[in-house]
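Read the numbers this way: they start at 1 and go in the same order the structure lists the ligands and their atoms.
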Amino acid sequence: MILFINFDNLFILHSKTNLMEEKQPTVEDWYKAGEIAAKVRDFAAKLAKPNALLLDIANQIEQKILDEGAIPGFPANLSLNTIAAHYTPHINDQTILTKEHVLKIDVGTCMNGAIGDTAITIDLTEKYEKLVESSKQALANVTKLLQPGTTLGDVGKTIQETIENYGYKPVLNLSGHGLEAYTIHSAPSFPNYNNNNKQHIKVGQTFAIEPFATDGAGKIKEGQQPNIFEPIDKKPIRDSNARVLFSEVMEKYKGLPFAKRWLLSQKWNEQRIDSALRMLKANRNIVSHSPLVEVADGIITQAEHTFIVEEDRVVCLTK
Ligand code: MN
Ligand code: MN
């Protein structure tokens, strides 16, 4: 997933603390989370063919993560064309892939709290090869650049220059992010442009870098109908329906982002789920993540890896 820079999300970035009071993941957990995320991303890339049902791909991604011994770090993000991120199929989603689609597959894993976060773009149109290459090359150039002490501004500069050299724009209001135990988005944020931030990356840090490139304006806005939700606060809930749903979600998904479709069961029909989610949102126990759409309807491509900073090197965990 991605950090969308608006007031609400920056507030969460600096205020959401680990909701899970469990032990910290080990370095091995981080390696394992990354390895599984990469394996599932490459598995998913093979499923992305014309006539495939998006909902089937999402289900297969999430099942594969469980089969590999992790849990989803967030719902499979399968975002098409002008949508940059945060689209996950809704209940009974009928979207079918065609040769008109540029698909971003963004996979998240969680291994004892350690997070793997990685993404790839599949161009079924065969018309956006350069645009796909620009975000991929930006990530490759950052991967080469990274070492203990690299500044956040230099990361952004490399991404911006690479994408602009292809004749496209980086998406300015989306950024990479720190990763912590059971937490997808933490400080610092890694810009996709040169913001001259002199802050250095430090030994022990884990983070995701995700260049987005577009032939549009280089900016995204929030779209309609969120299907991804995330707990941010365990404060008391008066409504019993909402209270039960929140405790089930915390138990099963460990405070990580979850999909509305995951909640469907005999006990929970869509209406009951919607009502509970509305209450939890109003009470600020959860936030929703809407699909993020390019403001000028530009096509968007994305590439993402997870990294860990060691004493003398920075390791890409999702190669
Ligand atoms: Mn991410
Ligand atoms: Mn991601």
*Distance from Ile5 atom CD1 to Asn173 atom CG, nearest 0.5 Å?*
7.5 Å
_Any N, O or S atom of His185 closer than 2.8 Å to the Mn ion (ligand 1)_ = no
*Of the N, O or S atoms in Glu210, the one nearest the Mn ion (ligand 1)*: OE2
Do NZ/NE/NH1/NH2 and the carboxylate oxygens of [X] and [Y] come within less than 4.0 Å?
X      : Y      : result
Glu35  : Lys39  : no
Glu161 : Lys157 : yes
Glu133 : Lys136 : no
Arg261 : Glu62  : yes

*Is the Mn ion (ligand 2) less than 2.8 Å from an N/O/S atom of Thr118, whether that atom is in the backbone or a side chain?*
no
*Just give me the atom name: the N, O or S atom of Glu304 closest to the Mn ion (ligand 2).*
OE1
*Please state the angle at the Mn ion (ligand 2) spanned by OD1 of Asp117 and OD1 of Asp106: what is it, rounded to 10 degrees?*
90°
